[in-house]
Amino acid sequence: MLLALPGVAVFAIFYYLPLLGNVIAFKDYQPFIGILGSDWVGLSNFSILFDGDPAFLNALRNTLIITFLQLLFTFPAPIALALLMNSLVSERFKRVVQSVLYLPHFLSWVVVVAIFQHVLGFGGPLEQLMSALGGPHPEIIGNPDFFKPLLILQDIWKNCGWGTILFLAALAGIDQNLYEAAEVDGAGRWRQLLHITLPGIRPVIILILILRIGDLLSVGFEQIVLQQPAVGAHASEVLDTYVYNNGIVGGEWGVSAAVGLVKGVIGVVLVLAANKLAHLFGEAGIYQGADK
């Protein structure tokens, strides 16, 4: 218990205590007079959510589109990569591949964005290759039409290798006798994958999916804000950057806090609902209810 105290203190100070600041969402907050001195305005800051503000609706639309693309491409990528890495025969080669794939995770988004801008931008290797082949150079960097697919590509390149850790651990825990018995029964690699491997890691997949659902409306603030000036707010504004641009930059502290509070509440509701759904299908989820 004593060893756990530093971790508990970190969560209490930097995660739970700041939750009290959400009272700003119900006030006309002015930094120079503080929270207690600011006027109470009730739910008026939440009116932007229901009045159809074009900037907010644009941020919400972009957030939902990017979220859908992440669930469709980013979430399954570590699973597929873990299955491929698990199929490697040489343990030494597997460790080398793991180390190489883990490295991008430790790069900051500033470095990752700079790398992609250099490779895909004008004068980069892609343009030189297309020029050598006699083809046109696609305008990717700074093109609003390519911005969302570029976000997904960057996210996969940076985090896919690191995301395989839990899935590789789950794969290592599958009883190898099951594969041997399947081979005796004549099951090929695909049938072993469908009937042994995927069911063996299904609890981990569901656990990660539930946690990911809780962050559905958080799609990568730093990654987006670094590239927003190049493509404009219409293509890149999401809820996180909306809160930043209107709160920190624009001074609309109450409205931004209201949007952030609603986003957080929706995340909690989604996690609880997804966990309940997992229980209905016989999975453990992220926690067991009292009846378990």
Side-chain angles (χ1 to χ4, degrees), residues 62-88 93-133 135-171 201 204-205 207-209 211-232 235-241:
N62 288 333
T63 301
L64 295 177
I65 292 174
I66 295 174
T67 294
F68 173 76
L69 293 175
Q70 287 179 339
L71 289 176
L72 189 61
F73 296 104
T74 306
F75 178 76
I79 302 174
L81 183 59
L83 294 174
L84 290 174
M85 293 171 61
N86 189 62
S87 66
L88 296 176
F93 181 66
K94 182 187 296 186
R95 286 194 295 269
V96 172
V97 172
Q98 288 176 347
S99 300
V100 173
L101 294 175
Y102 291 168
L103 286 177
H105 175 77
F106 299 99
L107 300 177
S108 70
W109 274 115
V110 176
V111 176
V112 173
V113 170
I115 291 174
F116 273 80
Q117 289 178 342
H118 173 72
V119 173
L120 303 179
F122 290 103
L126 179 61
E127 181 184 16
Q128 296 176 13
L129 175 62
M130 297 303 297
S131 298
L133 296 175
H137 173 252
E139 183 183 350
I140 299 177
I141 303 300
N143 188 338
D145 296 331
F146 283 98
F147 179 69
K148 294 179 179 65
L150 181 62
L151 289 180
I152 302 304
L153 181 61
Q154 291 171 347
D155 196 10
I156 292 176
W157 184 80
K158 185 178 188 297
N159 296 316
C160 184
W162 183 258
T164 61
I165 293 178
L166 289 177
F167 299 112
L168 287 173
L171 288 170
I201 63 175
V204 177
I205 294 176
L207 172 64
I208 301 301
L209 179 60
L211 295 176
R212 180 65 189 88
I213 287 175
D215 289 329
L216 278 181
L217 300 182
S218 299
V219 292
F221 168 77
E222 186 178 359
Q223 178 191 11
I224 294 176
V225 78
L226 287 169
Q227 304 174 84
Q228 193 169 68
V231 296
S236 63
E237 188 83 308
V238 294
L239 292 179
D240 287 336
T241 58

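- Separating the CZ atom in Phe93 from the CD atom in Gln98 is a distance of 11.0 Å, to the nearest 0.5 Å.
- Sorted by first then second residue, the side-chain hydrogen bond (donor to acceptor under 3.5 Å, both in side chains) pairs that include residues 212-226, not counting sequence neighbours, are Gln70-Arg212, Gln154-Gln223, Ser218-Lys263.
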One pair to check against side-chain contact (heavy atoms from CB on, under 4.5 Å): Met85 and Leu171. What are the steps and the verdict? CA-CA 10 Å; Met85 293 171 61; Leu171 288 170; over 6 Å; no
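- Nearest approach of Asn86 to Lys94, heavy atoms of both residues: O-NZ, 3.8 Å.
- With rounding to the nearest 0.5 Å, the separation of CZ in Phe116 from CG in Leu126 is 12.0 Å.
- More than 12 heavy atoms of other shown residues, nucleotides or ligands fall within 6.0 angstrom of atom OH in Tyr102.
- In this pair, Trp162 and His105 present their aromatic rings parallel. The plane angle is below 30°, not in the 30 to 60° band.
- Glu139 approaches Phe146 most closely through the heavy-atom pair O-CD1, 3.4 Å.
- Separating the CD atom in Glu237 from the CG atom in Asn62 is a distance of 8.0 Å, to the nearest 0.5 Å.
- The line from CZ of Phe221 to CD of Gln228 is 8.5 Å long, rounded to the nearest 0.5 Å.
- In terms of heavy-atom proximity, Leu168 sits nearest to Ala82 at CD2-O, 3.6 Å.
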Going through the checks in order, is the side-chain contact (heavy atoms from CB on, under 4.5 Å) test met by Leu71 and Leu209? CA-CA 9 Å; Leu71 289 176; Leu209 179 60; 4.3 Å; yes
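- Smallest separation of non-hydrogen atoms from Phe75 and Ile205: CZ-O, 3.7 Å.
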Would Ile224 and Phe147 count as a side-chain contact (heavy atoms from CB on, under 4.5 Å) here? Give the steps. CA-CA 9 Å; Ile224 294 176; Phe147 179 69; 4.2 Å; yes
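- Rounding to the nearest 0.5 Å gives a distance of 6.5 Å between CG of Leu150 and CG of Leu120.
- Using a distance-only test at 3.5 Å, with no hydrogens or angles considered, no donor-acceptor pair links the side chain of Ser236 to the main chain of Val231.
- To the nearest 0.5 angstrom, Leu217 atom CG is 6.0 Å from Thr67 atom OG1.
- Proximity of Thr164 to Leu101: side-chain heavy atoms (C-beta onward) are nowhere separated by under 4.5 Å.
- For the pair Pro144 and Ala235, the tightest heavy-atom approach, listed with the atom from each and the gap, is CB-CB, 3.6 Å.
- A 4.5 Å side-chain heavy-atom check between Leu107 and Trp157 finds at least one atom pair inside the cut-off.
- The two residues Asp240 and Val219 come nearest to each other via the heavy atoms OD2-N, 3.9 Å.
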